[in-house]
Amino acid sequence: MALRFDVITLFPEAFTSVLESSIIGRARREARIDVVLTNLRSFASDKRGTVDDKPFGGGPGMVLIPEPMFRAVEHVKGLDPRPAPVVLLTPQGERLTQTGVRRLVGRARLILVCGHYEGFDERIRTLADLELSVGDYVLTGGELPALVVIDAVTRLLPGALGAEDGAREESFSVAEGLLEYPQYTRPRDFRGMAVPEVLLSGDHAAIAKWRAGQAEARTRQRRSDLLNGRQQAAGNREHEKD
Ligand code: 4FL
């Protein structure tokens with residue numbers, strides 16, 4: 001059965017082109033995923049469609065009011081009997097990592113809630129089973145972060161990347177705490193920039209060794225924080241053996 005994403009948003013139209021394109025579009029056509037967009041505005045209590053109001057205590061901007069969001073989440077939960085964690089996209093959430101993405105892939109359903117404007121009433125947080133941030137920057141809303149979650153989860157579903165997806169080695173990837181090694185394709189010489197000789201050698205062991213060295217050197221130069229994380233993970237594995 002398809003993994004079902006429900007998205008609650010004020011801007012469902014922001015999702016359509018990404019959801020129709022490329023790997024995600026194909027995963028939907030092949031029924032590996034199902035994405036259902038719900039417009040928060042349809043759950044407003046008045047005919048004006050009010051979803052936000054001025055913050056108590058003053059301050060700039062408008063804040064999402066709780067009633068429409070509670071009604072929307074309750075409605076969406078009832079659309080499918082399978083349990084669905086409610087995921088709130090917010091800069092205050094836990095930072096999304098590849099490990100966190102792998103955890104989400106195991107769920108039958110996810111309800112993604114997009115915040116907007118200058119924030120939301122604090123009581124909306126009580127709806128969430130999980131709060132996720134995609135990085136330490138402020139966006140105009142949770143729509144792009146919700147698409148990030150859908151994209152990162154979908155590419156891990158069996159078959160989603162096509163025939164070679166099992167073969168795609170993740171041993172040198174951010175998934176394993178390393179940056180990828182550099183890749184080259186034709187031509188062998190492009191404007192004086194030559195492809196490293198070892199890649200043309202046909203010596204598979206030498207190529208694997210070169211790539212491992214490149215992945216490590218590159219990670220050390222650019223993201224030494226990832227190497228520290230790997231050392232800790234290796235240390236933990238060592239301890240668990242005792
Ligand atoms: C959500 C930013 C998740 C980063 C504005 C509203 C955000 C965000 N990760 N910015 N939501």
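Indexing begins at 1, ligand by ligand and atom by atom, following the structure's order. None of these values were measured; they are calculated from a predicted model. Only this structure's heavy atoms are used, side chains among them; waters, hydrogens and symmetry mates stay out.
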Ligand 1-proximal atoms of Pro145, by part, heavy-atom distance under 4.0 Å: side chain
Checking Arg41 side chain against Gly49 main chain: does a donor-acceptor pair fall under 3.5 Å? yes
Could you work out, for atom 11 (N) of ligand 1, the closest of Gly135, Gly141, Gly115 by heavy-atom distance? Gly141
Between Asp6 and Arg109, is there a side-chain N and carboxylate O pair less than 4.0 Å apart? yes
So which pairs with a foot in residues 49-89 pass ring pair (Phe, Tyr, Trp, His ring centres under 6.0 Å), sequence neighbours left out? Phe43-His75
Closer than 4.0 Å to some heavy atom of Pro91 - which atoms of ligand 1 meet that? 1 (C), 2 (C), 3 (C), 7 (C), 8 (C), 10 (N), 11 (N)
Steps toward side-chain contact (heavy atoms from CB on, under 4.5 Å) verdict (Leu156, Leu161): CA-CA 8 Å; Leu156 293 186; Leu161 298 183; over 6 Å; no
Note: heavy atom closest to atom 5 (C) of ligand 1, options Val134, Leu144, Leu139, Thr90, belongs to Leu139
Against heavy atoms of Tyr137, which atoms of ligand 1 measure under 4.0 Å? 2 (C), 4 (C)
Tell me yes or no: between the side chains of Glu143 and Thr9, is some donor less than 3.5 Å from an acceptor? yes
